[in-house]
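Below: one structure, written as structure tokens.
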Amino acid sequence: MLALVGGGDMGTQEPSKTLMPTEVVFRQADALRTEIEYDKIIPLMQNLLERRDLSQADILAALGRLAGAYFIIGKTETAKQAYLRILKVDPNYVLAKGSAPKEVKFFGKVKREYTQFQEQQDQRRREQQLKESGIVGVLEQPQIRGEPIPFRYRLNDPFNLMTTFQVHYRKAGETSYFSLPLKPSSEGFWLGSIPGEWSAAERDYRLEYFLLTHDVAGQALLAQGSATHPLMVSVVKGASRGQSFYKSTWFWLGVGAALIGTGSFVYTQFYSHPDSDLGKIKVGS
């Protein structure tokens, strides 16, 4: 694990009592580097870094010279800590032109480790945030052929991660999904409906669907169901509402599969979003 703290003999000098302009101190350090007196650069930069009048650019410049000096004299672990301090301030930092090839290679390795460490930290934080979030709602059984099929959900989103919410749906047996963007309402719900023209059919059928949310960057976050394991609901003739719709084979298949697939109908999973232009999503070949 990376330790983003100062190394053993960094910053051990007393503050300089004579505050020379920073550009003068940097010229002195560069002259010492030319004279291959790297051990003298270290206390010079340590004293400079203890000053309180430095800009961020001055701090990065001092740390860069300090890290380079440590690396050249063979104190690679201390050099690494100095580079990590730099990257914590500026993850896009690059070495000055003319740096030794070995130093460039060493810094590149440190930067890759730092980037990987930060990505792991970000992933852990995102996963924890998603554990505290969720999709709340259920599509009623059954729905009626030829009538709009309404979706109404709440997002438990304490970290404001989710900016879009979509329903992907198809009739059972089809290979492509249609996409329905849900819209937030003033009451705190996300709402949308499949048109009645689409839901119309000559026979009862099973509607397969899954829910998916994204963040502002388009990264998939929370889902219910997936393209390969969709949720389902029966869509039946309107006249069969009441007693007879319970006799529908599709109804009981839909209810049973939904209960097995989702437990309480509300669950959360991570899902890799298939390519979509908010039209159809093709599944399989």
Side-chain angles (χ1 to χ4, degrees), residues 133-157 162 164-214 220-274 276 278-284:
S133 307
I135 299 173
V136 181
V138 60
L139 183 59
E140 293 184 1
Q141 292 269 7
Q143 295 294 319
I144 304 301
R145 286 191 268 140
E147 294 185 5
I149 300 177
F151 293 87
R152 184 172 182 266
Y153 296 92
R154 282 191 185 274
L155 288 179
N156 177 22
D157 186 14
M162 291 164 270
T164 63
F165 191 170
Q166 296 173 344
V167 177
H168 302 289
Y169 63 95
R170 68 184 180 186
K171 294 181 175 75
E174 295 179 345
T175 58
S176 299
Y177 282 90
F178 292 88
S179 295
L180 171 68
L182 301 185
K183 302 296 183 182
S185 71
S186 57
E187 293 80 20
F189 292 97
W190 288 75
L191 307 173
S193 294
I194 297 174
E197 293 82 1
W198 186 92
S199 75
E202 294 182 359
R203 298 180 179 179
D204 295 354
Y205 61 90
R206 182 179 60 197
L207 174 70
E208 298 180 337
Y209 67 100
F210 63 97
L211 314 175
L212 191 59
T213 64
H214 294 82
L221 297 179
L222 295 182
Q224 284 188 13
S226 69
T228 54
H229 296 88
L231 307 177
M232 54 196 78
V233 64
S234 298
V235 183
V236 301
K237 185 177 179 182
S240 63
R241 265 206 189 277
Q243 292 182 333
S244 58
F245 77 81
Y246 292 106
K247 301 177 182 178
S248 168
T249 301
W250 285 120
F251 171 73
W252 289 111
L253 284 175
V255 170
L259 286 172
I260 293 171
T262 67
S264 62
F265 282 91
V266 179
Y267 72 97
T268 300
Q269 68 179 43
F270 294 104
Y271 172 72
S272 178
H273 187 213
S276 172
L278 301 186
K280 281 190 174 183
I281 299 176
K282 193 80 171 178
V283 179

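The basis for the numbers below is simple: all heavy atoms, side chains too, and nothing from hydrogens, waters or symmetry mates. This one's a predicted model, so the numbers in the text were calculated from it and none came from an experiment.
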Looking only at heavy atoms, what is the nearest atom pair of Q143 and E140, with distance?
->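 Shortest heavy-atom separation between Q143 and E140 comes out as NE2-O, 3.0 Å.
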
Taking all non-hydrogen atoms of both residues, which atom of G238 and which atom of I144 are closest, and how far apart?
->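 In this case the closest contact between G238 and I144 is CA-CG2, 3.4 Å.
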
With no hydrogens and no angle check, is any side-chain donor or acceptor of [X] less than 3.5 Å from a backbone partner on [Y]?
X: Y209; Y: G225; value: no
X: Y177; Y: A227; value: yes
X: R145; Y: A201; value: yes
X: D204; Y: K237; value: yes
X: S199; Y: G146; value: yes

Pick from V138, V136, L182: which one makes a side-chain contact (heavy atoms from CB on, under 4.5 Å) with Y153?
->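 Considering V138, V136, L182, a side-chain contact (heavy atoms from CB on, under 4.5 Å) with Y153 is found only for L182.
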
Can you say whether the rings of F210 and H168 are parallel (under 30°), tilted (30 to 60°) or perpendicular (over 60°)?
->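 Tilted, since the angle between the ring planes falls between 30° and 60°.
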
On the 0 to 90° scale, with breaks at 30° and 60°, tag the W198-F178 ring pair as parallel, tilted or perpendicular.
->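 Correct class here is perpendicular.
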
Between [atom1] on residue [X] and [atom2] on residue [Y], distance to nearest 0.5 Å:
X: F165; Y: L221; atom1: CZ; atom2: CG; answer: 11.5 Å
X: Q224; Y: L212; atom1: CD; atom2: CG; answer: 11.0 Å
X: Y169; Y: L180; atom1: OH; atom2: CG; answer: 6.0 Å
X: L207; Y: I149; atom1: CG; atom2: CD1; answer: 5.0 Å
X: I194; Y: R170; atom1: CD1; atom2: CZ; answer: 13.0 Å
X: R203; Y: K171; atom1: CZ; atom2: NZ; answer: 14.0 Å

pair I135-T213: side-chain heavy atoms closer than 4.5 Å |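 The answer is yes, as the side chains (C-beta and beyond) meet within the 4.5 Å cut-off.
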
When you look at NZ of K183, are more than 12 heavy atoms from neighbouring residues, nucleotides or ligands closer to it than 6.0 Å?
->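 No, the 6.0 Å shell around NZ holds no more than 12 heavy atoms from other groups.
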
Go through the structure and list residues passing side-chain contact (heavy atoms from CB on, under 4.5 Å) with T164, not counting sequence neighbours.
->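 Testing T164 for side-chain contact (heavy atoms from CB on, under 4.5 Å), a comparison that skips the adjacent residues, returns H214.
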
